[in-house]
Amino acid sequence: MSGNELLRVEHLTKTFGKLTVLNDISTSFAAHEVVSVIGPSGGGKSTFLRCLNLLEQPSSGHILFDGVDICDKKTDINLHRQKMGMVFQQFNLFNNMNVLKNMIAAPVKILHMDPEQAKEKALGLIRRVGLEDKLESYPSQLSGGQKQRIAIVRALMMDPEVMLFDEPTSALDPEMIGEVLEVMKNLAQTGMTMIVVTHEMRFAREVSSRTIFLDGGVIAEDKPSHELFDRPQNPRLISFLQKVL
Amino acid sequence: MFFETVWKLITRYGHFFTEGLRNTLIIAVVAVVAGTFLGALMALMRMSKVTPLRWLATAYIEFFRGTPLMVQLMFIFYGLPMIGVSFPEISFIPDFPRFMAGIVAMSLNSCAYVAEVIRSGIQAVDPGQMEAARSLGFRKGEAMRIVVLPQAIRNILPALGNEFVTVIKESSVVSVIGIADLMYRTNGVKAKTYNTLECLFVAAILYFITTFFFSKLISFAERRMAHERK
Ligand SMILES: Nc1ncnc2c1ncn2[C@@H]1O[C@H](COP(=O)(O)OP(=O)(O)O)[C@@H](O)[C@H]1O
Ligand SMILES: [Mg+2]
């Protein structure tokens, strides 16, 4: 966790009106680390993840990305978001664009990449998820698993330094979960830094090196995955694991 | 007997009706086009982060949707000259100030409805689309332009078409300030011939053919758009 720290969270608090969703959270993520975030629904997992790229504005605290405080009003968050890929539970592919356009829109429009070059890159990436025959398809013509695989490579088009996943398989039919987890596993093997909110306990245990148990707005446990799953200490974690395993 | 009279009205006074219909269409087209531009601005204000702008837009929209068009028309026709705003006489358009009062009232009214059409069209787009664009690093304006608006247009265009059809019908109130629209011409022929029911029948048929035609055109365009999507 020390060494080359990529993302640091300091005293992060988030409230919605009177509801405190995240309560003074501090942690950090090293480059190339794969971390799972688990916990009961409503415990603040999505809010935590969305605070990391400021899709939610933290109420107080700091987020340091590459050493820069992105909560600072003077920081241009758009520049930093380019380096933080995000994958959503509901895929959120752009419905008005085909797969190729979905993939090249950001690099071409934001990074001013040459469209031909962007297309080459898209082809290379989409082959990695086995969907090269879908380049011309629209999101409405794809299955959930296909959409999510495209959403992942769309984020990768920007060469992010970290990938945030918010329950990427929770909206999928069971038979499609495997194909998405497979892509994520391969991505982890390439050394990508990943923060994954998930209900897939096997993935958390086997792919991520570290697992955070987020409960009631605080980090209740934060341990190497094997330790957390093999010897859970926190009684609420124990009862959570009993329910989901 | 009834239809004989109707036929007589059409052959003898047809040009009155068609001239009235032409003016009705001119007013409706100008009002909806102007209302669309103003309404787009109003919708932006309504969704703005700047609170006074938002209040202003909300007040405008609520006011124009909550008062009768007839009252708005009277206010503009009689009220504007009182505060020193009047439109100039133009030689080649007879009764230009009167005509403008009608068009301004219809446009301001349409603006309020179109603003709501545009706002709800934009808000009907899944917020996840905007979030995904922002997460890739798009600025808000650009995300709006390349992701949200192209999808919102599909909701907005058909509703705009319906607004046009509504305005064609509602515009009949401008006859009360003496604009020579279809309703006004109908009343003129009625006064000349005393064929009250027959005159109204001709007017109703003309309004109906027009609105029916445009409604069909809109649903055709809508089907085409839905088709292209796939
Ligand atoms: N935009 C919001 N406004 C108000 N409350 C919210 C909002 N987003 C999340 N919450 C609340 O915050 C709590 C945590 O939500 P969330 O982060 O989505 O939990 P999780 O992802 O762990 O299920 C929930 O009680 C939820 O209702
Ligand atoms: Mg969630």
Side-chain angles (χ1 to χ4, degrees), chain A residues 46 49-50 52-57 70 76-98 101-112 136-141 147-148 150-160 162-166 171, chain B residues 36 40 43-44 47-51 53-55 117-161 218-230:
Chain A
S46 298
L49 206 63
R50 293 157 55 81
L52 296 181
N53 65 355
L54 297 204
L55 279 185
E56 293 296 352
Q57 190 68 41
I70 57 173
D76 183 358
I77 183 58
N78 297 300
L79 292 178
H80 295 279
R81 284 200 183 123
Q82 295 166 18
K83 299 266 143 227
M84 309 169 107
M86 186 155 194
V87 175
F88 300 83
Q89 185 174 346
Q90 298 298 336
F91 330 124
N92 294 346
L93 292 182
F94 304 138
N95 295 322
N96 58 319
M97 302 179 193
N98 66 19
K101 286 262 173 57
N102 260 281
M103 292 180 70
I104 68 173
V108 169
K109 296 240 156 91
I110 300 174
L111 305 178
H112 306 290
E136 302 296 325
S137 303
Y138 276 81
S140 58
Q141 299 163 319
K147 281 187 219 182
Q148 198 61 301
I150 300 291
I152 293 171
V153 287
R154 175 178 71 175
L156 291 178
M157 285 292 289
M158 297 294 279
D159 291 325
V162 57
M163 287 282 284
L164 312 174
F165 294 83
D166 191 359
Chain B
T36 300
L44 283 182
M47 291 182 291
S48 153
K49 272 200 216 121
V50 187
T51 312
L53 284 184
R54 207 168 56 235
W55 281 359
V117 161
I118 292 177
R119 183 179 69 96
S120 55
I122 289 173
Q123 288 180 344
V125 176
D126 175 9
Q129 297 283 307
M130 176 56 104
E131 287 197 337
R134 297 308 301 274
S135 79
L136 286 164
F138 280 109
R139 284 165 205 286
K140 194 168 180 194
E142 193 156 24
M144 205 58 175
R145 201 164 50 75
I146 72 168
V147 177
V148 177
L149 285 182
Q151 297 180 52
I153 283 288
R154 293 174 194 283
N155 310 329
I156 293 171
L157 278 186
L160 269 188
I218 292 157
S219 44
F220 175 73
E222 220 172 321
R223 276 199 307 275
R224 279 289 294 270
M225 258 173 24
H227 199 68
E228 264 169 34
R229 172 72 174 282
K230 292 288 154 188

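Bear in mind that the values here come from a model prediction, so they are computed numbers and not experimental data. Residue numbers start from 1 in every chain, and the chains themselves are labelled A, B, ... in the order their sequence lines are given, proteins ahead of strands.
For a residue to count as touching a neighbouring chain, one of its non-hydrogen atoms must lie under 4.5 Å from one of that chain's; by this rule A:F88 touches chain B with the side chain only. For chain B, the nearby part of A:M158 is the side chain; its heavy atoms alone come within less than 4.5 Å. Neither the backbone nor the side chain of A:A151 has a heavy atom closer than 4.5 Å to any heavy atom of chain B. Using a 4.5 Å cut-off between heavy atoms, A:L93 contacts chain B through its backbone alone, with no side-chain atom that close. Proximity to chain B is limited to the side chain of A:M97, based on heavy atoms less than 4.5 angstrom apart.
To the nearest 0.5 Å, the span separating CG on A:N78 from CZ on B:R139 amounts to 4.5 Å. Here the CZ-CG distance, from B:R134 to A:N53, works out to 10.0 Å after rounding to the nearest 0.5 Å. Rounded to the nearest 0.5 angstrom, A:K101 NZ and B:I146 CD1 are separated by 10.5 Å.
Using a distance-only test at 3.5 Å, with no hydrogens or angles considered, no donor-acceptor pair links the side chain of B:E131 to the main chain of A:L55. The closest donor-acceptor contact from the side chain of A:N92 to the backbone of B:A133 lies at 3.5 Å or more, if one exists at all.
The residue among A:M86, A:Q90, A:R154 with the most heavy atom pairs within less than 4.5 Å of chain B is A:R154. The choice from A:M84, A:M157, A:K109 that makes the most heavy-atom pairs within less than 4.5 Å of chain B is A:K109.
For the pair A:I110 and B:F138, the tightest heavy-atom approach, listed with the atom from each and the gap, is CD1-N, 3.4 Å.
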